[in-house]
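Quick note on labels: first sequence line is chain A, next is B, and so on, each numbered from 1. Just the heavy atoms: all of them, side chains too, but no hydrogens, waters or symmetry mates, feed the values below.
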Number of protein chains: 2
Amino acid sequence: MTESQEQHYVLEEQVGYLLRLANQRHLSIFAEHIVDGLTSVQFSTLFRLRKEAGPMSQNALGRLVGMDAATTKGVVSRLISRGLIQMEKDPTDKRRYMLSTTQKGRALIEDTLPRVRQISEDTLAPLTPHEAKQFVALLKKLT
Amino acid sequence: MTESQEQHYVLEEQVGYLLRLANQRHLSIFAEHIVDGLTSVQFSTLFRLRKEAGPMSQNALGRLVGMDAATTKGVVSRLISRGLIQMEKDPTDKRRYMLSTTQKGRALIEDTLPRVRQISEDTLAPLTPHEAKQFVALLKKLT
DNA sequence: AGATATTCGTATGCATGCAAACGTTAATTA
DNA sequence: TAATTAACGTTTGCATGCATACGAATATCT
């Protein structure tokens, strides 16, 4: 390999730069489809709480969605403000609050599911179906 | 396709969810390698200003890095605070300020280049070299 | 049991990132 | 030329996201 190739550095070919732009694009597509201001992270959080192990503590939920405690606090507060999840004291552990979805939250998940499916499709639209599967597989391997 | 397949929705297989985690992972790797608190976006901005068309307006620079005007304002302010770029009035357009890198900024780019190369490698480390190339190509196509 | 670790939720500060609104200036159009 | 439109930079408000620190409660270890 020659030295000139070593010096070569193009922003458009760096994973980090491209990941940032791809993420921005997805969030933009998400916002287009979801009218009521629910964010991608808020949906993920709500979905995890509903479809995973059910009621759990705030920090546990955050971990399942890939958020640290500080971020989780804000997301959960907003979901509670919207009346999509609820909080009650854990009788066995005075530090914890158990979180669970409300009826309104569960209804919103069902209403939103077709749209989030469409969002995934739209995000992958520039790729052929085969490329899309490849891409998602590589993304999973990367995580 | 059966109805049960249509109902199927797994968070770990959604592009948006995976993109968010992949981006988080990259930013974490970036922070590990760069000691002085320079962020990924700040490096991209500095690099663009130095290696692209040279001195340009704030909004133009932001566009080249994929930031809106509000975000650009903050990033540029921080780069100026660190003494990495400088701002001077554009004599031909009273609205504009022309931005350019300082000597300190250019020196920092050269010092940082080997490290950002390593960051890209580390981010792609879970993939084979062939997969890594595929992944970057698909990311580019997606953007 | 008592000392130490860890976990829980919380709070603050900082950095992206977008929407929206704003005054100023330049470019376009009628 | 006059009116309109567009671009420039700025500010505010809100949402993620991380580091750090904190008191309270639980777990673990000696």
Side-chain angles (χ1 to χ4, degrees), chain A residues 16-17 19-32 34-46 56-63 65-82 84-85 87-99, chain B residues 16-17 19-32 34-46 56-63 65-82 84-85 87-99:
Chain A
Y17 182 76
L19 278 174
R20 176 174 142 266
L21 295 189
N23 200 41
Q24 280 180 11
R25 180 168 165 276
H26 167 257
L27 291 178
S28 166
I29 292 172
F30 195 99
E32 277 174 32
I34 307 291
V35 277
D36 64 355
L38 193 80
T39 68
S40 182
V41 166
Q42 285 169 18
F43 177 79
S44 293
T45 305
L46 197 57
M56 67 187 99
S57 75
Q58 186 173 294
N59 284 359
L61 179 57
R63 268 179 246 120
V65 185
M67 302 183 292
D68 73 345
T71 303
T72 305
K73 159 74 173 160
V75 174
V76 164
S77 293
R78 274 163 233 125
L79 289 174
I80 291 176
S81 296
R82 288 162 181 265
L84 301 175
I85 68 179
M87 205 177 208
E88 43 186 325
K89 284 186 182 176
D90 183 337
T92 71
D93 188 334
K94 293 179 183 173
R95 298 170 301 178
R96 277 196 219 168
Y97 296 92
M98 294 305 279
L99 301 179
Chain B
Y17 182 77
L19 278 174
R20 176 173 141 268
L21 296 188
N23 201 40
Q24 279 180 11
R25 180 167 165 277
H26 168 257
L27 291 178
S28 167
I29 291 172
F30 195 100
E32 276 175 31
I34 308 291
V35 277
D36 65 354
L38 193 80
T39 68
S40 182
V41 166
Q42 285 170 17
F43 177 78
S44 293
T45 305
L46 197 56
M56 67 186 100
S57 76
Q58 187 172 294
N59 284 359
L61 179 56
R63 267 178 247 120
V65 185
M67 304 182 291
D68 74 344
T71 303
T72 304
K73 160 74 173 160
V75 174
V76 164
S77 293
R78 272 163 234 126
L79 289 174
I80 292 176
S81 295
R82 288 163 180 265
L84 301 175
I85 69 179
M87 205 179 209
E88 43 186 325
K89 284 187 181 176
D90 183 336
T92 72
D93 188 335
K94 293 180 183 173
R95 298 169 301 179
R96 277 196 220 167
Y97 295 92
M98 294 306 279
L99 300 179

Which residues pass the salt bridge (Lys or Arg N to Asp or Glu O under 4.0 Å) test with Arg95(B), not counting sequence neighbours?
Asp93(B)

Which label fits dA27(D), syn or anti, where anti is any glycosidic angle not within 90° of 0?
anti

Just the endpoints, please: which first and last nucleotides of DNA chain C, 5' to 3', lie under 4.0 Å from a heavy atom of chain B?
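First-to-last contact on DNA chain C, by the 4.0 Å heavy-atom rule, is dA15(C) to dA26(C).
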
Whole Å only: how far is the [atom1] atom of [X] from the [atom2] atom of [N]?
X: Lys89(B); N: dC8(D); atom1: NZ; atom2: P; value: 18 Å
X: Leu19(A); N: dG17(D); atom1: CG; atom2: P; value: 14 Å
X: Met67(A); N: dC18(D); atom1: CE; atom2: P; value: 10 Å
X: Gln58(B); N: dT11(D); atom1: CD; atom2: C1'; value: 13 Å
X: Met87(B); N: dC8(D); atom1: CE; atom2: C1'; value: 11 Å

What I'd like to find out is whether the side chain of [X] reaches to under 4.5 Å of the side chain of [Y], using heavy atoms alone.
X: Asn59(A); Y: Arg96(A); result: no
X: Arg20(A); Y: Met67(B); result: yes
X: Ser28(B); Y: Gln24(B); result: no
X: Met98(B); Y: Lys89(B); result: no
X: Val75(A); Y: Arg78(A); result: yes

Using the test side-chain hydrogen bond (donor to acceptor under 3.5 Å, both in side chains), find all partners of Thr71(B) that sit at least two apart in sequence or belong to another chain.
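side-chain hydrogen bond (donor to acceptor under 3.5 Å, both in side chains) list for Thr71(B), sorted by chain: Asp68(B).
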
Among residues 90-97 of chain A, which ones have heavy-atom contacts with DNA chain C below 4.0 Å?
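Output list: Arg95(A), Arg96(A), Tyr97(A).
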
Contacting residues from residues 35-44 of chain B, given that a heavy atom lies under 4.0 angstrom of DNA chain C:
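Within residues 35-44 of chain B, the residues near DNA chain C are Thr39(B), Val41(B), Gln42(B).
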
Asp90(B)-Thr92(B) side chain donor-acceptor pair, cut-off 3.5 Å:
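Yes, Thr92(B) and Asp90(B) have a side-chain donor paired with an acceptor closer than 3.5 Å.
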
Please report the interatomic distance CG(Leu99(A)) to CD1(Ile80(A)), rounded to the nearest 0.5 Å.
6.0 Å

Mind checking the CG-CG spacing from Asn23(A) to Asn23(B)? Nearest 0.5 Å is all I need.
5.0 Å

Taking every non-hydrogen atom, the tightest pair across [X] and [Y]:
X: Gln42(B); Y: Arg82(B); answer: OE1-NE, 3.7 Å
X: Ser40(B); Y: His26(B); answer: OG-CE1, 3.5 Å
X: Ala60(B); Y: Met56(B); answer: C-SD, 4.1 Å
X: Leu38(B); Y: Phe43(B); answer: CD2-CB, 3.9 Å

Would you classify Thr72(B) as touching base, sugar-phosphate or nothing, given that sugar-phosphate means primed atoms plus P, OP1 and OP2, and contacts are heavy atoms under 4.0 Å?
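The residue Thr72(B) makes no contact with any strand.
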
With nearest nucleotides of DNA chain C determined for Ser28(A) and Ala69(A) from heavy-atom distances, which residue corresponds to the more 5′ nucleotide?
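The residue closer to the strand's 5' end, by nearest nucleotide, is Ala69(A).
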
Please determine whether a side-chain nitrogen or oxygen atom of Asn59(B) lies at a distance below 4.0 Å from atom OP1 or OP2 of dA7(D).
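False: Asn59(B) side-chain N/O out of range (4.0 Å or more) of dA7(D) OP1/OP2.
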
Can you work out whether Gly66(A) or Ser57(B) has the more 5'-proximal nearest nucleotide on DNA chain D?
Ser57(B)

Could you let me know what dA5(C) is paired to, Watson-Crick or G-U wobble, both distances under 3.5 Å, or none if it's on its own?
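Its partner: none found.
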
Using Watson-Crick or G-U wobble geometry with both distances below 3.5 Å, tell me the partner of dT26(D), or none.
none

Which residues in residues 73-82 of chain B have at least one heavy atom lying under 4.0 Å from any atom of DNA chain D?
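Under 4.0 Å from DNA chain D: Lys73(B).
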
